[in-house]
Amino acid sequence: MATDELRSLYQEIILDHNKNPRNFRQMPDADYVLEGYNPLCGDHYTIYLKMNGDVVADVSFEGAGCAISKASASVMSTVVKGKTKQHVHELFDRFHDLVTGKHTGNVSFEELGKLAAFAGVSEFPARVKCASLAWHTLRGALEQRKETVTTE
Amino acid sequence: MAVTAAIETKQLPKAFDVDAVRSEFPILETPVRGKRLVYLDNAATTQKPRVVIAALRRYYEEENANIHRGVHYLSERATDLYEKTREQIRRFIGAGDAREVVFVRGTTEGINLVAATFGRANVRAGDEVLITAMEHHSNIVPWQMLCEQVGAKLKVAPINDAGELLVDELSNLLNAKTKLLAITHVSNALGTVNPMKDVIAVAHSAGVPVVVDGAQAIPHQRIDVRELDCDFYTFSSHKMYGPTGIGVLYGKLDLLNAMPPYQGGGDMIKSVTFEGTIFNDIPYKFEAGTPNIADGIAFGAAVEYLSSLDWQALSIYEHGLLQYATERVKEIDGVRIIGTAREKAGVLSFVMEGVHPHDIGTILDQEGIAVRTGHHCAQPVMQRFGIPATVRASFGLYNTREEVDALVKSLQKVKEIFN
C-alpha cells in the first residue's frame with residue numbers, strides 16, 4: 001500500500017475530482033478567458049469566468065494535466081462560484097498558504113472545506129506549482145489580465 | 001578433453017559483473033527517502049564512479065593551476081593532465097588527431113559552436129539545414145536561430161509511429177541547397193538508435209556534411225568517428241559517468257581549420273594588437289578563456305574507466321536489461337510504450353492510461369525510484385505522438401533486473417492508487 005505521505009497527497013476527493021472534474025466545459029459567453037500553462041510539466045488549462053457585478057456568476061475550465069492540477073482546478077470551480085472578488089482573493093491566499101505549508105491554524109480546516117484536501121501538497125514542494133496553477137490563472141482572469149499565466 | 005573445455009570457455013563472452021561495477025559508484029549506497037536508491041534517470045545525467053570523484057578531489061588538493069601559460073611546476077602538470085584527457089578522448093572515439101577534439105561545456109555548446117562558426121560561414125539566405133523529427137531542443141533551437149539570422153530554411157525529416165527515422169524521406173529532402181544535416185545518434189525521448197553510418201553515407205553522397213548529437217549514444221556503444229565518417233560528433237561528459245560542465249566537439253581537421261573562431265578571448269589567440277589579432281591553431285582557436293580544467297581532468301578519469309570495461313559484455317548486458325524492462329512494463333495493464341524502434345538503447349518511455357506522468361513520478365519517488373517525467377526537452381516528439389509528456393526510465397551500466405522489478409512493483413502501486 002501507499003505510504004502515508006502519498007495517501008495524504010492523493011486523497012479520495014482529489015482522485016475523484018481528477019477522474020470526474022466538475023465544471024469541465026467551455027463557456028462561450030464567458031466575460032474573461034485566461035490560459036494557465038506550465039510548459040515544463042505540460043499542465044495546460046483554460047479558465048472561463050462570468051461575473052455578475054462583483055460576484056463570480058460562473059466559472060469553468062478545460063484542459064489537461066496531472067491529477068493535482070486538474071483536481072485543484074475542479075475543486076476551485078466549485079468553491080468560488082457565488083463569491084465576491086474579495087472573497088475569492090481571500091480563498092486564494094488561504095489555499096496558497098495551505099499548499100506552501102504556511103497554514104497557521106488560524107483558519108480551521110472546516111473553514112477551508114474541500115480545499116483542506118490539498119494540505120498534503122506542502123510535503124511535495126515540486127507539486128506546489130501544479131496545485132496553484134488554476135488559482136493563479138483565476139486571479140489573473142479576475143484582474144483582467146491577458147497573458148498566459150504560469151507557476152513554473 | 002580439458003584443453004577443449006578451456007577453449008570453449010574462452011570463446012564464450014564473459015558475463016558483465018554488475019555488482020563489481022555498482023561497488024564503484026558510492027551514491028548507489030545512499031538511501032533516498034529511507035529507501036534504496038533506484039536510479040533510472042541516466043539519460044538526464046549518470047552517476048560518477050569513485051575514480052572520477054577522486055580525480056576531482058586530487059586536482060584541487062594537489063594539482064590546481066591555470067594551464068597553457070605558466071612556467072611553474074603545477075601549471076605544467078595541470079596542462080599535461082588536461083591535454084592527456086584530449087588524447088584519451090581521441091583514442092576513445094577513434095579520431096585520427098587530438099587537434100580534432102575541441103573541449104566545450106557539453107553537447108549543447110558543441111552544437112551551438114558548429115551553428116555559430118561553420119553555420120555562419122557556410123549557410124546563406126535561401127539555403128537549408130536538415131534535422132529530424134526526433135531531435136532534442138538543443139539540436140533544433142540553434143539551427144532555428146541560425147536560419148532566422150541568415151534567412152535559411154529549417155527542414156525536418158519525419159519518423160514513423162515506432163519512432164524510427166524514415167531514411168528514404170530524409171534522403172529525398174537532401175538537395176543542392178542543403179548545407180548541413182544535424183541528427184541525433186540516439187533519441188533521448190524514444191531511445192531510437194539511428195542507422196548513423198548509412199545516414200551519413202546518404203548525406204555525403206549528396207555532398208552534405210553531418211553533425212551528430214552523440215550525447216545519448218556514447219554511454220551505450222563504442223563510437224568510432226572515422227568509421228562513421230561523421231563531420232562533427234558532440235557529447236557530454238556528465239552523461240558518460242564524468243563530471244558536469246565539460247564535453248567534446250569532434251570535428252574533421254580540415255573543417256575545423258577552415259572554420260572561423262567561436263568566442264574571442266585568451267588562449268584562442270597567438271598575438272593581439274589593437275590593429276588585429278592572429279588566432280591560435282585548432283583546437284585552441286575554439287577554446288577561449290580558462291577552460292574547465294578540473295572537470296576536464298576528471299573527464300579523463302571517466303574515459304579511462306569506460307575504456308577499461310569489456311564493452312562486448314556491457315553491450316549484451318545493457319541490451320538484455322532494456323529488453324527485460326520493456327517486456328515487464330508492457331505487461332502492466334493500460335501502459336503504452338512510446339518509442340518501439342527495432343534498434344533502441346538505454347531509454348524506456350511510456351504513458352499510463354488515466355494517470356499523468358507527473359503523478360507517476362511523484363509516486364515512484366516515494367519508493368526511492370528516480371525517473372524523469374515531462375517532455376524531455378523534445379516537445380516536437382511529444383507532439384508527434386499526441387501526448388504532453390511521458391515517464392522515462394533510462395538505464396546505465398549499474399542498473400539491474402531487481403531495479404526493474406522495483407519499478408514494475410511501484411507502477412502497480414500507481415494503478416492501485418488511481419485504480
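Everything numeric here is computed off the predicted structure, so don't read it as measured data. Residue numbers begin at 1 in each chain, while the letters A, B, ... track the order of the sequences.
Heavy atoms closer than 4.5 Å to chain A are found in the side chain of Gln379(B), but not in its backbone. Both the backbone and the side chain of Leu40(A) come within less than 4.5 Å of a heavy atom in chain B.
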For this session: Could you walk me through whether Asp365(B) and Phe124(A) pass the side-chain contact (heavy atoms from CB on, under 4.5 Å) test, one step at a time?
Result: CA-CA 10 Å; Asp365(B) 177 53; Phe124(A) 295 82; 5.8 Å; no
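Annotation: Gln149(B), atom CD; neighbour count of heavy atoms from other residues, nucleotides and ligands within 6.0 Å is above 12. The neighbour count for Arg36(B) CZ, taken as heavy atoms of other residues, nucleotides or ligands under 6.0 Å away, does not exceed 12. Within 6.0 Å of CZ in Arg328(B) there are more than 12 heavy atoms belonging to other residues, nucleotides or ligands.
For a heavy-atom cut-off of 4.5 Å, chain A lies close to Gly354(B), His356(B), His358(B), Asp359(B) in residues 352-359 of chain B. Using a 4.5 Å cut-off between non-hydrogen atoms, the part of residues 19-36 of chain A that approaches chain B consists of Lys19(A).
Remark: Thr362(B) OG1 to Leu6(A) CG distance equals 8.0 Å, nearest 0.5 Å.
In plain terms, the two heavy atoms of Ala389(B) and Cys41(A) that are nearest each other are CB-O, 4.3 Å.
Top candidate by heavy-atom pairs under 4.5 Å with chain B, chosen from Ala64(A), Gly65(A), Ser69(A), is Gly65(A).
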